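Since the structure is predicted, the reported quantities are computational estimates derived from the model, not experimental observations. Naming convention: chains lettered A, B, ... in sequence-line order (proteins, then strands); numbering from 1 in each chain.
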Amino acid sequence: MKEKKFFISSSIPYVNAEPHLGHAQEFIEADIIARYRRLMDDTVFFLSGTDDNAQKNVQAAESAGIPVADYVNKHAKEFIDLEKRLNISNDYFIQTSVDPRHRDGAQKLWRACKPEDIYKKSYKGMYCLGCEEFKTEADLVNGECPEHPGKKLEEVEEENYFFKLSNYQSKLKNLVESDELQIIPQTRKNEVLSFINSGLEDFSISRSVARTKGWGIPVPDDETQTMYVWFDALSNYITALGYSDDGADYEKFWKESNERVHVIGKGISRFHTIYWPAMLLSTGVRLPSKVFVHGYITVGGQKMSKTIGNVIDPNVVIDEYGADAFRYYMARHISPFDDGDFTMEKFKEVYNANLANGLGNLSARIMKMAQDNLDEPVKVDNYGYTFQDGYIDESLSEYKINMAMEYIWSKIGDLDREITEKRPFSLLKESPETAKEIIVNLVLNLYRVGCMLQPFLPETADLIINATRINKKPENLFPRKD
RNA sequence: CGCGGGAUAGAGCAGCAGUAGCUCGUCAGGCUCAUAACCUGAAGGUCGUUGGUGCAAAUCCAACUCCCGCAACCA
């Protein structure tokens, strides 16, 4: 099989708060794909990071009374820690305010844009001092900012750089329609196309230094302007690879790669499927090949929000149930494409049903029989099974992670049924040879399940595979919770 | 005419044209190897409403009702 070069990224969240379930979901989805591709012998670069330069970070730091850099680093560390705890196998983690290659790369990208695509324009708008951001007519209620009633809106006028998105309307349309820039799932592709067809307006790509308070990346050759954070943030996907100095990873995983995939949430699909590709078209840099758009996570059917107080810290779930149990829920019970719901009650239910009673119990059943009745370990390596399975390949090639999981769990059900039907435990007395044959076959199939689980539940997969290799019942993989 | 998503057994969801399925719960059996786990069976659905296309519709089309997001710089 020919080795492929595969790039995949999670989006870089701005770090004005602790990581939540949505971030964890995205990390897990991207990680499953990355691990799967490595198992398929592709050469993979999996990128993750934080968007440090957003103005929201500045506001959050100010209200916390901490220097922006400290504030950003503190929260970035929480993201790094969460990824570690979730066994996310990213090859690099870029912090956009820390890595000097990012600043250089973003400025290089700016300079690389066609001169006619960037122009200066006076921008006038109603600025809310409370929110510290511009408001559009639609944002206002009775001419006031709904967040800060009574507070006067200030009419601010300043010069900003704009990007001539309108130049790229038809090109973008063709790219998306032809799937040269593939958007998954189809509904998101339709949304993007309808947005393109409604007409693309140029967008602002800089802010005055006065408003950014000097935080962010300076616009090249203009000390009065800071880059608009999206221009800066989107470029992370290539700056992290070494775009600024044509580094080896940039050559390998961007310029010459077979696939370049961004995993993002539905709220930022426009930036990734329209703004970002347009910027790249202007500079002549290669485009991503796929954008995989996932939904949001609701809690008890409601949007997660601090006001409602229903925000769940992924760390709390991991503390109680472990990383693999959490990965399991995200992979199988949250749709990769639509919004999914999460509550601790539901989590516990599926944990007990599918992990404790399902996979955990099955592993114990089979390996106890094997340990007590087989003289030596089953030669699983001679079985010739590595990872591949047609159904899983097909599901994952379309990013249907939950379908792949359904399939694996159907195999688990098959094995439980087989034990009941073939009754090796009672055959041991009457015809031990037949019983042993059955047990050997069960071990092989358990091994196969372990292999299939590798991208999804890496720790558990290793424990199962190892148990079959040493012919020993594993420790309680998923203790039942009452 | 803003855009999109949802409405399927008591609950939560999958299916998206060809005998209605999964998890939990309920009831009745079986098994006793295993994490009081596992297996089988049963009860329970006019697949939001009304029309249409098809030999055939949760599945395609149209209209309507009710929920939920988004509405250009917000995972």
Participant: Is there a Watson-Crick or G-U wobble partner for C24(B) with both distances under 3.5 Å, and if so, which one is it?
Facilitator: G10(B)
Participant: Can any side-chain N or O of Asp202(A) pair as donor or acceptor with the backbone N or O of Leu165(A) at less than 3.5 Å?
Facilitator: yes
Participant: Of the nucleotides C33(B), A75(B), U40(B), which one has an atom closest to the side chain of His23(A)?
Facilitator: A75(B)
Participant: By nearest atom, which of the nucleotides U35(B), C38(B), A75(B) is closest to the Asn357(A) side chain?
Facilitator: C38(B)
Participant: Counting only Watson-Crick pairs (N1-N3 plus N6-O4 or O6-N4) and G-U wobbles (N1-O2, O6-N3), all under 3.5 Å, who is the partner of A62(B)?
Facilitator: U50(B)
Participant: Starting at CD of Gln186(A) and ending at P of G5(B), how long is that distance when rounded to a whole Å?
Facilitator: 11 Å
Participant: Below 4.0 angstrom from OP1 or OP2 of C24(B), is there any side-chain N or O of Asn352(A)?
Facilitator: no
Participant: Tell me the interatomic distance from Phe195(A), atom CZ, to A72(B), atom P, rounded to whole angstroms.
Facilitator: 9 Å
Participant: If you go through the side-chain atoms of Asn476(A), does one of them form a donor-acceptor pair with the base of U35(B) closer than 3.5 Å?
Facilitator: yes
Participant: State whether Lys473(A) and Asp372(A) are salt-bridged, where the test is any N-O pair (Lys NZ or Arg NE/NH1/NH2 against Asp/Glu carboxylate O) under 4.0 Å.
Facilitator: no
Participant: With respect to the side chain of Arg480(A), which nucleotide from U35(B), U32(B), A75(B) is positioned closest?
Facilitator: U35(B)
Participant: Calculate the interatomic distance between Arg270(A) atom CZ and C74(B) atom P; express it in whole Å.
Facilitator: 12 Å
Participant: Could you check how far CD of Glu349(A) sits from C1' of C22(B), rounded to whole Å?
Facilitator: 12 Å
Participant: Taking only the side-chain nitrogens and oxygens of Arg365(A), find out if one of them lies under 4.0 Å from OP1 or OP2 of U35(B).
Facilitator: no
Participant: Of the nucleotides C38(B), U35(B), C13(B), which has the atom closest to the Lys346(A) side chain?
Facilitator: C13(B)
Participant: Please determine, for U32(B), whether a Watson-Crick or G-U wobble partner exists with both distances under 3.5 Å, and give it or none.
Facilitator: none
Participant: Counting side-chain heavy atoms from CB outward, which of U35(B), A75(B), G12(B) is closest to Lys473(A)?
Facilitator: U35(B)
Participant: Taking only the side-chain heavy atoms of Arg188(A) (C-beta and beyond), determine which of G4(B), A75(B), C31(B) contains the nearest atom.
Facilitator: G4(B)
Participant: Starting at atom CG of Leu463(A), determine the distance to atom P of U35(B), rounded to an integer number of angstrom.
Facilitator: 16 Å
Participant: If you check every side-chain atom of Arg423(A), which of C33(B), U32(B), U35(B) has the closest atom?
Facilitator: U32(B)
Participant: Go ahead and name the base partner of G18(B); Watson-Crick or wobble counts if both distances stay under 3.5 Å, otherwise write none.
Facilitator: C55(B)
Participant: Classify the glycosidic conformation of A58(B) as syn or anti, calling it syn when the angle lies within 90° of 0.
Facilitator: syn
Participant: Rounded off to whole Å, could you give me the CG-to-C1' distance for the Asp341(A) and C68(B) pair?
Facilitator: 12 Å
Participant: State plainly whether the residues Arg469(A) and Asp462(A) are in salt-bridge range, i.e. N to O under 4.0 Å.
Facilitator: no
Participant: Taking CG from Leu359(A) and P from U23(B), how many angstroms apart are they, rounded to a whole number?
Facilitator: 15 Å
Participant: Less than 4.0 Å between a side-chain N and a carboxylate O, is that true for Glu159(A) and Lys121(A)?
Facilitator: no
Participant: Answer syn or anti for G54(B), where the cut-off is 90° from 0 on the glycosidic torsion.
Facilitator: syn
Participant: From the options G69(B), A37(B), C33(B), select the nucleotide whose nearest atom is closest to the side chain of Phe425(A).
Facilitator: C33(B)
Participant: Taking the nucleotide of RNA chain B with the nearest heavy atom to each, does Ser204(A) or Phe478(A) sit closer to the 5' end?
Facilitator: Phe478(A)
Participant: Using atom types as modelled and distance alone, determine if a side-chain donor or acceptor of Lys84(A) lies under 3.5 Å from a backbone N or O of Phe79(A).
Facilitator: no
Participant: Assess the side chains of Asn90(A) and Asp31(A): does a donor N or O sit below 3.5 Å from an acceptor N or O?
Facilitator: no
Participant: Both distances under 3.5 Å, Watson-Crick or G-U wobble: report the partner of A75(B), or none.
Facilitator: none
Participant: Which nucleotide, in any strand shown, forms a Watson-Crick or G-U wobble pair with G44(B), with both distances under 3.5 Å?
Facilitator: none
Participant: Quickly work out the Lys348(A) NZ to G12(B) P distance and round it to whole Å.
Facilitator: 19 Å
Participant: Watson-Crick or G-U wobble partner for C70(B), using a 3.5 Å limit on both distances?
Facilitator: G2(B)
